Amino acid sequence: MNGIGLLVGYIISYLVIVFVFKNQPEVRKYRLQVPRLLNFMVFFTKELIMANLKVAWDVLTPTNLMKPGVISMPLRAETDMEITMVANAISLTPGSLSLDVSSDRKVLYVHVMYLYDEQQVMTELKRMEAKILRVMR
């Protein structure tokens, strides 16, 4: 019950802020960030569930589908916070692990368990980075 009350209170507060202070520049940014954050949370939850199922299937079945490898992912993230968020989101997803960031902070090295198609893995990682940056900027 407390969770529902918290959610209802947040929604009412959000609507009041958006409608009462709609001409304030900070509120315009906030108004866009909340739906983007919710969008990212749904996206990340789906990715997390799918990755867990894939790793669990590989562990529980007698066949070994793993093809591990390390890829270098060019970063669009620039600030320490953005890079940290991208690296943590990648590491939280089963089957991938952020290893290191280049000294110029332009490349993130990622270990993946299923590197059958490097371009597909890169596309998935870049999609996650884009969604994170959309929330943070």
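Everything numeric here is computed off the predicted structure, so don't read it as measured data. The figures here come from the full heavy-atom set of this structure, side chains too, leaving out hydrogens, waters and symmetry mates.
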At what distance, to the nearest 0.5 angstrom, does [atom1] of [X] lie from [atom2] of [Y]?
X	Y	atom1	atom2	answer
Arg127	Ile132	CZ	CD1	12.0 Å
Ile17	Ile12	CD1	CD1	12.0 Å
Asn88	Ile83	CG	CD1	12.0 Å
Arg137	Arg76	CZ	CZ	6.0 Å
Tyr114	Met66	OH	CE	5.5 Å
Glu118	Leu125	CD	CG	10.0 Å

Is a side-chain donor or acceptor of [X] paired with a backbone partner of [Y] at a separation under 3.5 angstrom?
X	Y	result
Asp58	Lys54	no
Thr93	Ser96	no
Arg105	Glu78	yes

With the 4.5 Å side-chain cut-off for hydrophobic clustering, are [X] and [Y] part of the same group?
X	Y	answer
Ile90	Phe43	yes
Tyr30	Leu15	yes
Val18	Phe21	yes
Val86	Val107	no
Phe44	Val42	no

Minimum heavy-atom separation for [X] to [Y], with atom names?
X	Y	value
Ser72	Met122	O-CE, 3.2 Å
Tyr14	Pro35	OH-CD, 3.7 Å
His111	Pro68	NE2-CB, 3.7 Å
Pro94	Asn52	CG-OD1, 3.3 Å
Ser98	Ala87	OG-O, 2.8 Å

Inset, instruction - Given side-chain contact (heavy atoms from CB on, under 4.5 Å), test Glu129 with Lys126 step by step and report yes or no. - result: CA-CA 5 Å; Glu129 178 188 33; Lys126 296 303 277 178; 2.8 Å; yes
Legend entry - Val110 vs Val70, side-chain contact (heavy atoms from CB on, under 4.5 Å): CA-CA, chis, key distance, verdict: CA-CA 5 Å; Val110 180; Val70 175; over 6 Å; no
Inset, instruction - Decide side-chain contact (heavy atoms from CB on, under 4.5 Å) for Ile71 and Leu115; before the verdict, give the C-alpha distance in whole Å, the side-chain angles of both, and the deciding distance to 0.1 Å. - result: CA-CA 9 Å; Ile71 61 171; Leu115 189 58; 3.7 Å; yes
Inset, instruction - Can you establish whether the number of heavy atoms outside Arg134 located under 6.0 Å from its atom CZ is more than 12? - result: no
Legend entry - Over 12 foreign heavy atoms within 6.0 Å of CE, Met136: yes
Inset, instruction - Just do the side-chain contact (heavy atoms from CB on, under 4.5 Å) check on Leu37 and Met41 with the steps written out, would you? - result: CA-CA 6 Å; Leu37 177 62; Met41 290 170 62; 4.0 Å; yes
Inset, instruction - Please examine the side chains of Leu133 and Glu82, heavy atoms only from C-beta on, and report whether any two atoms are closer than 4.5 Å. - result: yes
